[in-house]
Amino acid sequence: MEFEFAALPWQILFGAGALQRLPAELDNRGLARALVLSTPEQRHHAEMIAELIGQRCAGIFDQAVMHVPAATVAGAQSLAQSLNVDCTISIGGGSTTGLGKALALKSGLPNIAIPTTYAGSEMTNVWGMTEGGRKTTGRDNKVLPTFAIYDPELTLDLPAFISGPSGINAMAQAVINATAASPNPIISALALDGIRALAGSLPTVVIEPHNIEARSQALYGACLCGAAIGAGITSLHHRLCHTLGGSFNTSHADTHAILLAYSVAYNSAAVPLGTQRVAEALGVADAANGIYDLLHQVSKKTNLQHLGLSQADLDKAAVIATETPCSNAAEVTRDRVRELFDHAYHGQRPSG
Ligand code: NAD
């Protein structure tokens, strides 16, 4: 065995009711003027934070949207300056966490992340920003949240149609790392337990959204999967999802959720041991088919036609995705990628 491992400086508070610790945690760090960030839909969550932290809240910016547009970052940055804030608090999914990260990158403002989906962005040092239709991404430890509060009570009202795909999106971060060409054993341990926790909880989460035990397990799984990709790698699966999201504006979580089974099938012959471990974590005989079945249990969007894509779009996407080299366990060829898209377009059972 031979490997290298560098953890990120994560700080996590996890548990039902953990949100109540926020005021004391701000005081411990001398943070006294926070700008609370949310999407327009989660304004009520931002107001709840404002009430909880009282005079430590300098204001609310509720305009976070998908893909972190540069104009949104500029708007939040100018409000942060005018209010003379000393930190930001993101409450929401990956879009809101992403805005907090962009502000940390541009202004050095510490960010506290309070995730309410399973996106896992709070565990990574990856930032992204979109300008003129182009998304730029990078890795920088400056954007890693100062601390993250995982409170499953905040996820009880996350609708089933977001919970299911968001959970499989999280799982993708782990699956890709457990099935890397040379899996890192520490990252694999995080990844496999994350997969186990999500596979065991997501079917319950979508039929009993207020089941706090299932919600806790799912959020714990998301935390581990985020850690796996935060310390680990991306591969062909992410390339394909970013191509569809970037060029055809498909929803982030749904795209990951639909493609994952086919991405696993694509690589399974190249990495049989890692793929078998993923199957064991899922509690099934075949990893790709297990993910396919899980998707059908937890989401109504199960093929690329459900995301509005046409076969002509997929011809273009296969070209874009294979224009530059992509690190992946199995060789990446345009024909195989096009075939993968075809299987996902028809939503057919994956075969290795
Ligand atoms: P999102 O943040 O856009 O949230 C989707 C919708 O769900 C929003 O309207 C949001 O307000 C709402 N919502 C969130 N939590 C809720 C709750 N508890 N109750 C009710 N509504 C709630 O979607 P997402 O899938 O969480 O994040 C996707 C974005 O995150 C993408 O842009 C993706 O690129 C980014 N991302 C980045 C990283 C990273 O490491 N940088 C990792 C994962 C995802």
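Each ligand, and each atom within it, is numbered from 1 in the order the structure gives. Just so you know, these numbers use all the heavy atoms, side chains as well, and skip hydrogens, waters and symmetry mates.
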Novice: Considering only heavy atoms, which of Ser121, Pro209, Pro115, Ser90 lies nearest to atom 42 (C) of ligand 1?
Specialist: Ser121
Novice: So, the side chain of Ser188 versus the backbone of Pro183: is there a donor-acceptor pair under 3.5 Å, distance only?
Specialist: no
Novice: Go through ligand 1 atom by atom and flag the ones less than 4.0 Å from a non-hydrogen atom of Thr124.
Specialist: 39 (C), 40 (O), 41 (N)
Novice: Could you tell me if any non-hydrogen atom of Lys101 lies under 4.0 Å from any atom of ligand 1?
Specialist: yes
Novice: If you have a sec, work out which protein heavy atom is nearest atom 17 (C) of ligand 1 and how many Å separate them, to one decimal?
Specialist: Leu158 CD1, 3.6 Å
Novice: Closest non-hydrogen protein atom to atom 7 (O) of ligand 1, residue and atom name please, with distance?
Specialist: Ile162 CD1, 3.4 Å
Novice: Give yes if a backbone or side-chain nitrogen or oxygen of Gln173 is under 3.5 Å from a nitrogen or oxygen of ligand 1, and no if not.
Specialist: no
Novice: Evaluate the criterion side chain to side chain donor-acceptor pair (under 3.5 Å) for residue pair Ser310 and Asp313; output intermediate values, then yes/no.
Specialist: CA-CA 5 Å; Ser310 67; Asp313 293 335; 3.2 Å; yes
Novice: Using the side chain to side chain contact (heavy atoms under 4.5 Å, CB included) definition, which of the options Ile112, Ile89, Asn111, Ile12 pairs with Pro145?
Specialist: Asn111
Novice: May I ask you to check if ligand 1 and Gly94 share an N or O to N or O distance below 3.5 Å?
Specialist: yes
Novice: Considering only non-hydrogen protein atoms, determine which one is nearest to atom 12 (C) of ligand 1 and report residue, atom name and distance to 0.1 Å.
Specialist: Gln42 OE1, 3.7 Å
Novice: Using the rule that two of Ile, Leu, Val, Met, Phe, Trp, Tyr join whenever any of their side-chain heavy atoms come within less than 4.5 Å, decide whether Phe147 and Leu99 are in one cluster.
Specialist: no
Novice: Going by the side chain to side chain contact (heavy atoms under 4.5 Å, CB included) test, name the single residue among Val68, Thr88, Thr124 that passes it with Lys101.
Specialist: Thr124
Novice: Apply side chain to side chain donor-acceptor pair (under 3.5 Å) to the pair Gln311 and Asp342, showing each step before the final yes or no.
Specialist: CA-CA 8 Å; Gln311 288 281 20; Asp342 191 61; 3.0 Å; yes
Novice: Check for me, please, whether Val271 and Val175 land in the same ILVMFWY cluster - side-chain distances under 4.5 Å, paths through other members count.
Specialist: no
Novice: Under 4.0 angstrom from ligand 1, any heavy atom of His238?
Specialist: no
Novice: Say whether Glu41, considering both its backbone and side-chain N or O atoms, lies within less than 3.5 Å of an N or O atom on ligand 1.
Specialist: yes
Novice: So, for His256 and His237, is the gap between ring centers shorter than 6.0 Å?
Specialist: yes
Novice: Does Trp127, backbone or side chain, put an N or O under 3.5 Å from an N or O of ligand 1?
Specialist: no
Novice: By number and element, which atoms of ligand 1 are closer than 4.0 Å to a non-hydrogen atom of Met66?
Specialist: 3 (O)
Novice: What atoms of ligand 1 come closer than 4.0 angstrom to any heavy atom of Asp157?
Specialist: 19 (N), 20 (C)
Novice: What are the atoms of ligand 1, with element, lying closer than 4.0 Å to any heavy atom of Lys135?
Specialist: 32 (O), 34 (O)
Novice: Has Arg349 got its NZ or CZ under 6.0 Å from the middle of the six-membered ring of Tyr292, at an angle within 45 degrees of the ring axis?
Specialist: no
Novice: Would you please test Thr275 and Asn267 for side chain to side chain donor-acceptor pair (under 3.5 Å) and show each step?
Specialist: CA-CA 8 Å; Thr275 308; Asn267 279 344; over 6 Å; no
Novice: Do Asp335 and Arg338 meet the salt-bridge criterion of a basic N to acidic O distance under 4.0 Å?
Specialist: no
Novice: Below 3.5 Å, N or O to N or O, backbone or side chain included: is there any such pair between Val126 and ligand 1?
Specialist: yes
Novice: What about Ser166: any of its N or O atoms under 3.5 Å from an N or O on ligand 1?
Specialist: no
Novice: Can you tell me the protein heavy atom closest to atom 43 (C) of ligand 1 and the distance?
Specialist: Ala119 O, 3.3 Å
Novice: Looking only at protein heavy atoms, which one is nearest to atom 15 (N) of ligand 1, and how far off is it?
Specialist: Thr116 OG1, 2.6 Å
Novice: Is there a continuous path of hydrophobic side-chain contacts, each under 4.5 Å between heavy atoms, that joins Leu37 to Met48?
Specialist: no
Novice: So which protein heavy atom does atom 25 (O) of ligand 1 come closest to, and at what separation?
Specialist: Ala253 CB, 4.1 Å
Novice: Might you work through the side chain to side chain donor-acceptor pair (under 3.5 Å) test for Gln42 and Thr96, ending with a clear yes or no?
Specialist: CA-CA 10 Å; Gln42 284 183 275; Thr96 310; 4.9 Å; no
Novice: Tell me the protein heavy atom at minimum distance from atom 44 (C) of ligand 1, and give that distance in Å.
Specialist: His252 NE2, 3.5 Å
Novice: Below 3.5 angstrom, do we get any N/O pair linking Leu154 and ligand 1?
Specialist: yes
Novice: If we set the cut-off at 4.0 Å for heavy atoms, which region of Thr39 has an atom near ligand 1: side chain, backbone, both, or neither?
Specialist: side chain
Novice: Evaluate the side-chain proximity of Lys316 to Phe248: yes if any heavy-atom separation is below 4.5 Å, no if none is.
Specialist: yes
Novice: Give a yes or no on whether Tyr266 and Val319 share a hydrophobic cluster (residues Ile, Leu, Val, Met, Phe, Trp, Tyr; joining criterion: side-chain heavy atoms under 4.5 Å apart).
Specialist: no
Novice: Establish whether atom 5 (C) of ligand 1 and some protein heavy atom are separated by less than 4.0 angstrom.
Specialist: no
Novice: Among protein heavy atoms, which lies nearest atom 1 (P) of ligand 1, and at what distance?
Specialist: Ser95 OG, 3.4 Å
Novice: Run the numbers for me: atoms of ligand 1, each under 4.0 Å from some heavy atom of Gly93, listed by number.
Specialist: 2 (O), 26 (O)
Novice: Taking distance alone, with N or O pairs closer than 3.5 Å, would you say Thr117 contacts ligand 1?
Specialist: yes
